[in-house]
Protein chains: 2
Amino acid sequence: MEDGLKTLGYAALGSRLKRLGEKLQAQTADLGDAASQEGLPVPCNPLLAILDKRGPLSVGDLARTLQQAQPGVTRMIHHLKSQNLVATTPDPQDRRISRIALTDEGKARVKRLKESLWPAADQAVQSICEGLSGSFLDQVAQLETRLSQSPLKSRLEGIALADWDQLLEQRSKTQ
Amino acid sequence: MEDGLKTLGYAALGSRLKRLGEKLQAQTADLGDAASQEGLPVPCNPLLAILDKRGPLSVGDLARTLQQAQPGVTRMIHHLKSQNLVATTPDPQDRRISRIALTDEGKARVKRLKESLWPAADQAVQSICEGLSGSFLDQVAQLETRLSQSPLKSRLEGIALADWDQLLEQRSKTQ
DNA sequence: TCAAGTTATATACCTTGTTATAAATATGAG
DNA sequence: CTCATATTTATAACAAGGTATATAACTTGA
């Protein structure tokens with residue numbers, strides 16, 4: 001009864017990926033301890049990471065980088081701004097553009113996230129993706145099963161957290 | 001600039017899968033000609049397919065089968081009911097339960113979808129998933145690229161549509 | 001130079017998922 | 001039998017994505 005979607009082949013892959021992504025995000029939120037999260041919505045994390053990596057960016061650049069529609073990015077910026085994690089300054093060359101940058105508070109938060117939630121999420125998700133086999137559809141099915149049977153949080157027990165920058169560096173070498 | 005998410009490793013996989021799913025669904029909507037769609041929201045398609053395959057079901061059974069929270073299913077049922085595609089009848093054994101079944105109009109609609117949108121979606125999505133390689137993360141990245149470079153619709157040109165039931169039967173054999 | 005078009009951001013509204021909870025019904029223990 | 005608890009569906013409120021469009025600022029061409 002539970003696996004009805006699997007009988008619908010590739011036609012339902014869109015629905016399945018969407019919900020798989022939502023479940024990953026939900027479980028990712030559970031990974032952070034209270035200290036590292038402090039009420040930050042999950043989708044803000046990639047935005048902060050991009051800002052940290054690529055310095056100040058315009059709303060449009062952020063949207064393109066995140067491959068996301070601009071109004072959603074604007075909304076996240078408002079949220080982050082209300083928490084004093086980012087600040088916007090008008091571009092002197094072109095006053096339509098506002099440059100988004102991390103505040104000092106934002107940088108401090110990013111530092112904490114780099115030591116806790118981000119590597120935890122990376123390592124847990126990598127672990128759940130290990131050894132998938134078969135067609136992409138099969139792999140998605142395996143992921144669905146794994147995610148409901150052993151949540152991300154349980155995959156971190158007894159694992160040492162790497163530091164975020166080291167993780168990414170290492171990954172870029174392997175690739 | 002465009003591939004910023006790829007530099008974030010597994011940590012951003014949730015966001016990426018969610019948006020990849022959304023884009024697949026959006027492009028799937030473009031596949032149907034006006035006749036086969038008639039204003040049916042994309043997420044209703046799996047629901048109709050399950051109802052067609054497994055006969056009348058309760059709301060709870062549908063939610064479990066679709067691996068989705070119950071209130072979302074209730075909302076879709078209301079929508080489909082307003083279009084006369086499904087009907088609900090109270091279960092004689094347990095009056096809390098209402099059994100959801102396709103109406104004659106619903107069956108006719110399903111018949112049309114089986115001959116057009118569903119196989120089109122299945123074949124197009126299968127084609128875009130062909131020959132992916134590398135880690136799951138790599139495969140997702142390849143899918144993102146392919147989807148933005150050649151949309152699902154363009155993958156159907158000159159391809160004969162199979163019938164839905166034959167497609168699924170064939171797939172279950174291959175597997 | 002200024003009118004017309006283009007671009008960047010913000011806003012409004014919609015969609016579709018979620019949780020929490022209420023209301024109706026069923027079940028089971030005493 | 002009755003009351004406490006379970007279960008089923010519906011409703012309300014929220015989250016985070018989307019499209020369409022308005023507004024302000026820039027650019028270009030006659």
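Scope of the values below: all heavy atoms of this structure, side chains included, with no hydrogens, waters or symmetry mates. Keep in mind it's a predicted model, so treat the numbers as computed, not measured. Residue numbers begin at 1 in each chain, while the letters A, B, ... track the order of the sequences.
- The partner of C:dT25, taking Watson-Crick or G-U wobble pairs whose two distances both stay under 3.5 Å, does not exist in any strand shown.
- Regarding B:Arg64, its CZ atom lies at a distance of 10 Å from the C1' atom of D:dT7, rounded to whole Å.
- Not counting sequence neighbours, the partners of A:Asp165 by the salt bridge (charged side-chain N to carboxylate O under 4.0 Å, His left out) test are A:Lys114.
- Between B:Phe136 and A:Phe136, a ring centre-to-centre spacing shorter than 6.0 Å is recorded.
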Please produce a list of atom pairs where a protein N or O lies less than 3.5 Å from an N or O of nucleotides 18-24 of chain C.
{"unit_1": "C:dT18", "atom_1": "OP2", "unit_2": "B:Ala69", "atom_2": "N", "d": "2.9"}

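- Side-chain contact of A:Lys53 with B:Thr7: a donor-acceptor pair under 3.5 Å is absent, judged by distance alone.
- Across the protein-nucleic acid pair, B:Ile77 atom CD1 and D:dT8 atom P stand 16 Å apart, rounded to whole Å.
- In this entry the distance linking CG of A:Leu47 with P of D:dG17 reads 10 Å, nearest Å.
- Between the C1' atom of C:dA26 and the CG atom of B:Asp91 lies a distance of 12 Å, rounded to the nearest Å.
- Across all strands shown, C:dT16 is found opposite D:dA15 as a Watson-Crick or G-U wobble partner, with both distances under 3.5 Å.
- Both A:Ile97 and A:Ser15 lie near DNA chain C, and the one whose nearest nucleotide falls closer to the 5' end is A:Ile97.
- Using a 4.0 Å cut-off between charged side-chain N and carboxylate O, B:Lys111 and B:Glu115 make a salt bridge.
- The shortest distance between the side-chain N/O atoms of A:Thr74 and the OP1/OP2 oxygens of C:dT9 is not below 4.0 Å.
- Judged by distance alone, the side chain of B:Gln139 and the main-chain N or O of B:Gly134 form a donor-acceptor pair under 3.5 Å.
- When rounded to the nearest whole Å, the span between CZ of A:Arg99 and P of C:dA8 equals 13 Å.
- If you measure from atom CG of B:Leu17 to atom C1' of D:dG17, you get 15 Å, rounded to the nearest angstrom.
- In D:dA20 the O4'-C1'-N dihedral to the base is more than 90° from 0, which defines an anti nucleotide.
- Note on residues 152-162 of chain A: pairs passing side-chain hydrogen bond (donor to acceptor under 3.5 Å, both in side chains), not counting sequence neighbours, are A:Ser127-A:Arg155, A:Ser150-A:Arg155.
- Between A:Leu66 atom CG and D:dG17 atom C1' the separation is 13 Å, expressed in whole Å.
- The CZ-C1' distance, from A:Arg95 to D:dT27, rounds to 14 Å in whole Å.
- A side-chain N or O of B:Arg19 and one of A:Gln68 form a donor-acceptor pair less than 3.5 Å apart.
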